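The block underneath contains the structure these notes are about, expressed in structure tokens.
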Amino acid sequence: MIRAATIIDDRQPALQRLAALAPLDAEVIDTIVAAAGQAQTIRARRELVSEGREIAEPVLLLRGWAARVRLLPDGRRQFLSFLLPGDVIGHCPQPRPVAVATIVALTDVLVCAAPPAAPGSVLGTVYAVGDALDQAYVLAQVTRLGRLNAQERIGDLLLELHERLTLNGMARGTSFDLPLTQETLADALGLTSVHVNRMVQQARRENDLQWKGGRVTLLDPPSLARKIGRVPMRVSATVGPQPARAR
């Protein structure tokens, strides 16, 4: 049985992210807290959703990191997007949806059933904006792989993760925990692990970032964004991440 104190702690990033997409009233917050009371842990490297299989129900990611991935027959893999606390997984309006990609836990994750929401309701608006952002992140990944060089890919992805972790309160200033191996980054960026390591060292020499003990600090996010031509991701005129500011 999951302790109530654990639920309260674990839902905070998810609630903060959802509240950033649309104002949450007390009824919606109570609904989410009640759903979190039935949360379950899924261990790292286990699949939350399998490509080609019917999605049973959408779930809300409360804690941990997951990723949308395509697996090739020869064992190669391509990470399409990362999923963070506050993201809803498997939200599809069509009847009996089938997964178009596998979603795997990169760390131990805590998930609960995403409360149902009527179109136009507060929670329905939150889900709609979240779906738009999810699509935008996938499109950003396509652009990264198709048009950016290796150094730009790393900078662009780290800026995106910083924006998203700021949205859910998991970033501290310009620093955030990054529980990803260089092999995972290589599979996300279409590079080799050796090349990722080389590009990270170059970014350090150019004072773009510090990376120590699984924690990344972007030394001057606005400058890095200008260098690679990145603008903050927004899908609504009223809500969305704002540009990062240097400390």
Side-chain angles (χ1 to χ4, degrees), residues 8-22 24 32 36 44 48 59-69 79-89 103-111 126 129-141 144 152-182 184-185 188-189 196 200 203-204 208-225 228 230-236 239-247:
I8 292 172
D9 290 342
D10 289 330
R11 67 182 170 85
Q12 293 301 332
L15 271 178
Q16 183 163 330
R17 197 263 183 177
L18 296 177
L21 303 185
L24 303 182
I32 295 170
L48 285 77
V59 297
L60 173 63
L61 182 57
L62 298 172
R63 184 185 67 210
W65 288 51
R68 183 177 287 106
V69 60
F79 287 106
L80 304 172
S81 62
F82 293 107
L83 298 161
L84 308 175
D87 286 338
V88 176
I89 299 170
I103 295 178
V104 62
L106 299 178
T107 66
D108 289 353
V109 301
L110 189 69
V111 299
V126 169
V129 176
D131 289 346
L133 280 171
D134 194 45
Q135 181 182 30
Y137 296 137
V138 173
L139 294 176
Q141 173 72 341
R144 259 195 298 270
E152 291 169 337
R153 292 180 197 181
I154 291 176
D156 189 69
L157 178 59
L158 292 179
L159 284 168
E160 176 188 299
L161 292 175
H162 176 253
E163 291 165 9
R164 296 176 64 187
L165 292 168
T166 297
L167 200 64
N168 69 11
M170 293 177 65
R172 295 293 179 266
T174 61
S175 298
F176 55 93
D177 290 329
L178 186 66
L180 305 179
T181 65
Q182 291 195 356
T184 298
L185 284 175
L189 297 173
V196 167
V200 169
R204 283 177 169 147
D208 287 333
L209 61 83
Q210 294 175 348
W211 192 337
K212 184 177 181 180
R215 189 164 185 84
V216 171
T217 299
L218 301 178
L219 299 178
D220 189 345
S223 177
L224 178 59
I228 66 175
R230 176 178 176 79
V231 295
M233 190 71 67
R234 295 197 71 190
V235 297
S236 169
V239 296
Q242 299 302 313
R245 296 181 179 178
R247 298 182 64 184

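These numbers were taken from a predicted model, which means no experiment stands behind them.
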Atom [atom1] of [X] and atom [atom2] of [Y]: how far apart are they, to the nearest 0.5 Å?
| X | Y | atom1 | atom2 | value |
| --- | --- | --- | --- | --- |
| M233 | R164 | CE | CZ | 9.0 Å |
| L133 | E163 | CG | CD | 10.5 Å |
| L21 | L167 | CG | CG | 6.0 Å |
| D177 | T107 | CG | OG1 | 11.0 Å |

Looking at [X] and [Y], would you say the former's side chain and the latter's main chain have a donor-acceptor pair under 3.5 Å?
| X | Y | value |
| --- | --- | --- |
| N168 | P85 | yes |
| D108 | A44 | yes |
| Q141 | A188 | yes |
| T174 | L218 | yes |

Within-4.5 Å side-chain heavy-atom neighbours: [X] and [Y]:
| X | Y | value |
| --- | --- | --- |
| D134 | V88 | no |
| L189 | R144 | yes |
| D87 | F82 | no |
| L209 | R204 | yes |
| W65 | L84 | yes |
| F176 | L158 | yes |
| I154 | L185 | no |
| L106 | F79 | yes |

> Q182: what forms a side chain to side chain donor-acceptor pair (under 3.5 Å) with it, not counting sequence neighbours?
Replying inline: N197

> Listed by chain and number, what are the side chain to side chain donor-acceptor pair (under 3.5 Å) partners of T217, not counting sequence neighbours?
Replying inline: S175

>> Could you report the tightest heavy-atom contact between V138 and R68, atom names first, then the distance?
In response: CG2-NH1, 4.1 Å

>> If I compare all heavy atoms of L24 with all of V126, which pair ends up nearest, and what's the gap?
In response: CD2-CG2, 3.8 Å

> Under the side-chain contact (heavy atoms from CB on, under 4.5 Å) criterion, do V216 and Q210 qualify, and how do the steps go?
Replying inline: CA-CA 6 Å; V216 171; Q210 294 175 348; over 6 Å; no

